[in-house]
Number of protein chains: 2
Amino acid sequence: MRNTLRAESGVRYLSDEQRADPLFTNSIARAMQVLAAFHHADRPLSLADIAQGAGIDRSAAQRIVHTLRSLGYIRRDAEDRGYLPGIRILDHTLDFLRMDPLIQRATPVILELRRNVRERVDLSLFDGQRVVYAARMQSKRETFYATLVGHSVPTFCSSGGWAIMARLSEEEASAIVKASDRMPFTPRTLTDPDHIMEEVAATRARGYSIAVEQILLGEVAIGVAVTGPQGRPVAAIHVAGSLSEWTAQDFSTRVAPLALEAARAISHI
Amino acid sequence: MRNTLRAESGVRYLSDEQRADPLFTNSIARAMQVLAAFHHADRPLSLADIAQGAGIDRSAAQRIVHTLRSLGYIRRDAEDRGYLPGIRILDHTLDFLRMDPLIQRATPVILELRRNVRERVDLSLFDGQRVVYAARMQSKRETFYATLVGHSVPTFCSSGGWAIMARLSEEEASAIVKASDRMPFTPRTLTDPDHIMEEVAATRARGYSIAVEQILLGEVAIGVAVTGPQGRPVAAIHVAGSLSEWTAQDFSTRVAPLALEAARAISHI
DNA sequence: TTGTGTGTATTGCAATGCGATACACTTGCA
DNA sequence: TGCAAGTGTATCGCATTGCAATACACACAA
C-alpha cells in the first residue's frame with residue numbers, strides 16, 4: 001500500500017528498486033541528488049538549475065539547498081551569482097581517503113614507485129564501469145589536472161580498467177564492457193567489445209596492460225591490478241609516459257616489473 | 001507551534017538557530033551527521049558506533065545508513081566487519097575542486113611555483129577557525145600524507161592562517177584566535193592570543209608570514225594570502241621547507257618573493 | 001546454554017517535509 | 001520607461017513519509 005503510494009508520487013529519478021524499498025529514505029536521496037546536480041555543471045547553478053538537475057521542483061530545491069547551505073555543503077559563489085559545492089564536502093573526502101585501508105597501504109608504495117620510474121603514477125579504485133582516481137603522484141613536467149582526486153575514466157578503455165578486468169571472470173568483464181557506453185576519447189580508443197576482450201586476454205597473459213593513446217593522444221600507460229580479499233581486483237596502479245620519449249615497448253619493459261612489484265606489495269589483505 | 005514541537009523532539013545535535021528554522025530539513029541534517037560520524041573514527045564503524053557518533057538511535061541509523069549505502073556514500077569494509085565512507089563521496093570532491101574558480105586559477109600557478117622553489121607548496125582555503133588543504137604539490141622527498149585533500153590545520157597557528165588573518169580586521173582576527181581551542185602541536189606552537197596577534201601584525205607589516213615549527217618540528221613555512229572580491233582573504237599559499245636545510249631567514253628570503261608573486265597572480269577576481 | 005554483539009525486517013502513528021502560491025528584487029530587452 | 005523573465009525568499013495547510021518501538025536471525029564468547 002504505502003509502496004504504491006510512494007511509487008506513484010514524485011518524479012522518476014530513482015530506480016524502481018529504490019522506490020520499492022520501504023527502508024529507503026527519499027528525502028536523503030533528494031538531498032544527494034541536489035549535490036549531484038553539480039556533476040554536470042560548468043558554472044555556478046541557480047535554484048532553477050539545481051531543481052532541473054535534481055529532477056525536483058523549485059520549492060523542494062529551495063528547502064534542500066537552504067539546509068545544505070546552512071550545513072556548509074553548498075555555498076554561494078564569490079560574486080553571489082549562483083551556488084557552488086561547499087567546503088564541508090572535503091571533510092568527507094578526507095574520511096574516505098584516510099579510512100580506506102587500501103589507500104593507506106598504497107600511498108608509500110606508489111610514492112616509492114614514482115621515485116623509481118620518474119613518471120606519473122596513479123592509484124585508481126574499481127567502481128564497476130569506471131575506475132576512480134584516488135591518488136596521483138605527478139611527474140616533474142605535469143601541468144594540468146595535477147591533483148584532481150575524484151576524476152574517473154571508463155573501465156573499458158583505460159590501462160587500469162584492463163588490468164582489473166583481466167582478474168575478473170570472462171563473463172563479468174564482458175558484462176562491464178557491453179554495459180558501458182563506449183564513446184571513444186581518441187581516434188585510437190578501442191570500442192569494439194571483441195577487440196577490448198582481446199586486449200584483456202593479452203593483459204591476463206602478460207600480467208599487465210599496455211594502453212596506447214586510449215584516453216589521451218601521445219600517452220602510453222601501463223596498468224597492473226591490485227587485489228583484495230579472495231583475490232578480487234579492487235584497484236589498479238598505472239604509470240603513464242609520453243610517446244615522445246618512449247616507444248610503448250621500451251616503456252613497458254622498463255616500467256612493468258616495478259609496477260608489478262608495487263602492486264604485489266599492496267595486494268591481498 | 002510547529003517549531004516548538006521540533007525543538008522539543010529529537011536529540012540535541014543541531015544548533016538552536018537550525019532547529020528554529022522552519023525551512024530547515026532535519027532528515028538531511030541527520031543524514032549528514034551520519035556521514036560525519038566518520039570524522040572521529042579510526043576503524044570501520046558498526047551501526048551502534050554510527051548511531052552514537054551521529055547522536056541518533058539505532059533505528060534511525062539503520063534506515064539512514066541503508067539509504068546512504070544504496071546510494072554509494074557508505075560501504076561495508078572489505079571483510080564485511082563494519083561501515084566505511086563510500087566512493088561516491090569522491091564525485092562530490094571533484095565537483096568542489098573543479099568548480100571552485102580560485103582552485104582553477106591557482107593550480108597552474110602553484111605548479112609553476114613548485115618548479116621554481118623545489119619545495120612543498122600547498123593551497124589552503126580559509127574556513128573560519130581552520131584552513132583546509134585543497135591542493136598539495138609535494139617535493140621530491142615527501143613520504144607521507146602526500147595527497148590528503150581535505151586535511152585542515154587551525155588558522156591560529158599555521159603560516160596560511162597568519163597570512164589570512166593579517167588581511168582581516170584586528171577584531172575579526174582576534175575573534176578567530178580567541179574562539180579557537182588552542183592546543184599546541186609542538187612545544188613551539190604559539191598559544192597565547194597576544195603573541196599570536198603580534199605574529200599577525202608582523203605578517204601584515206612584511207606581507208608574508210614565517211611560521212617556525214608551529215605544526216611540525218623541523219619545519220619552516222612561508223604563508224601568503226590570496227584575496228577575492230573586495231580584497232577579502234579567501235585562501236593562502238604556503239611553502240614548507242626543512243630546518244635541516246635552511247635557516248628561517250634564508251628560506252624566507254629565497255621563497256617569499258616568488259610566493260608573493262604567485263599569490264598576486266591568483267588574487268583579486 | 002545464555003549473553004552480548006552484530007545486521008535486518010515490519011508496522012502504525014503523527015510529525016514533518018511537500019509543493020502551491022505570493023512577493024521583493026534585479027536584469028535585459030523593447 | 002515599462003514589461004517580462006529571471007533571480008532568491010517567505011508562508012502555510014495537508015497527507016506523505018520518516019520515526020521509533022519491537023522482533024528476529026545470526027554470529028562469537030563465556
Side-chain angles (χ1 to χ4, degrees), chain A residues 1-11 13-14 17-34 37 43-71 74-77 79-84, chain B residues 1-11 13-14 18-34 43-71 74-77 79-84:
Chain A
M1 174 58 94
R2 65 183 302 186
N3 284 341
T4 32
L5 284 174
R6 285 185 192 229
E8 281 158 17
S9 71
V11 209
Y13 56 84
L14 296 174
E17 192 189 351
Q18 284 166 344
R19 277 183 295 113
D21 180 348
L23 262 114
F24 191 79
T25 302
N26 276 295
S27 72
I28 296 177
R30 270 187 286 270
M32 295 330 241
Q33 289 276 346
V34 163
R43 64 197 155 77
L45 298 182
S46 71
L47 268 182
D49 293 333
I50 291 174
Q52 197 200 352
I56 58 182
D57 70 7
R58 260 174 51 98
S59 208
Q62 174 194 182
R63 262 174 301 103
I64 296 169
V65 166
H66 176 86
T67 302
L68 289 172
R69 184 137 84 111
S70 104
L71 295 171
I74 286 182
R75 68 189 207 272
R76 301 238 73 202
D77 94 311
E79 290 100 352
D80 199 48
R81 299 181 150 276
Y83 295 102
L84 287 177
Chain B
M1 175 59 92
R2 66 182 301 185
N3 283 341
T4 31
L5 285 175
R6 283 184 192 228
E8 279 157 19
S9 72
V11 208
Y13 56 83
L14 295 174
Q18 285 167 343
R19 277 183 294 112
D21 181 348
L23 262 115
F24 192 79
T25 302
N26 276 295
S27 73
I28 297 177
R30 271 187 286 270
M32 296 329 244
Q33 290 276 345
V34 164
R43 64 196 156 78
L45 298 182
S46 71
L47 267 183
D49 294 334
I50 291 175
Q52 197 199 353
I56 58 182
D57 70 7
R58 259 177 51 101
S59 205
Q62 175 193 185
R63 264 174 300 104
I64 295 170
V65 166
H66 176 86
T67 303
L68 289 172
R69 183 138 85 112
S70 103
L71 294 171
I74 285 181
R75 68 190 207 274
R76 301 237 72 201
D77 95 312
E79 291 99 353
D80 198 48
R81 300 183 150 276
Y83 295 103
L84 288 177

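Both backbone and side-chain heavy atoms feed into the values below; hydrogens, waters and symmetry mates do not. Chain A is the first sequence line, chain B the second, and so forth, proteins listed ahead of strands; every chain is numbered from 1.
Going from atom CG of B/Asp77 over to atom C1' of C/dT6 covers 13 Å, rounded to whole Å. A straight line from CZ of B/Arg81 to P of C/dG7 spans 12 Å, rounded to a whole angstrom. Rounded to whole angstrom, the span from the CG atom of B/Leu47 across to the P atom of C/dA9 amounts to 12 Å.
Between B/Tyr83 and B/Ile28, the residue anchored nearer the 5' end of DNA chain C, judged by the nucleotide with its closest heavy atom, is B/Tyr83. Remark on DNA chain D: of its neighbouring residues B/Arg58 and A/Gln62, the 5'-side contact belongs to A/Gln62, judged by nearest-heavy-atom nucleotide.
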Protein-nucleotides 26-29 of chain D N/O pairs closer than 3.5 Å?
none

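In this structure, B/Asp49 pairs ionically with B/Arg43, as a charged nitrogen and a carboxylate oxygen lie closer than 4.0 Å. The pair A/Arg76-A/Asp80 meets the salt-bridge criterion, since a charged nitrogen lies less than 4.0 angstrom from a carboxylate oxygen.
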Checklist entry - For DNA chain C, what is the dot-bracket line, given that a base pair needs Watson-Crick (N1 to N3, plus N6-O4 or O6-N4) or G-U wobble (N1-O2 and O6-N3) geometry with both distances under 3.5 Å, and | means paired with another strand? => result |||||.|||||||||||||||||.||||||
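Applying the 4.0 Å criterion to OP1 and OP2 of D/dT9, one finds that A/Arg63 has every side-chain N and O outside that range. Proximity of B/Arg30 to the phosphate of D/dC19: a side-chain N or O atom is located under 4.0 Å from OP1 or OP2. Between B/Thr25 and C/dG17 there is no side-chain N or O to OP1 or OP2 distance below 4.0 Å. Between A/Arg69 and D/dT9 there is a side-chain N or O to OP1 or OP2 distance below 4.0 Å. Side-chain N/O atoms of B/Ser59 include none lying less than 4.0 angstrom from OP1 or OP2 on D/dC19.
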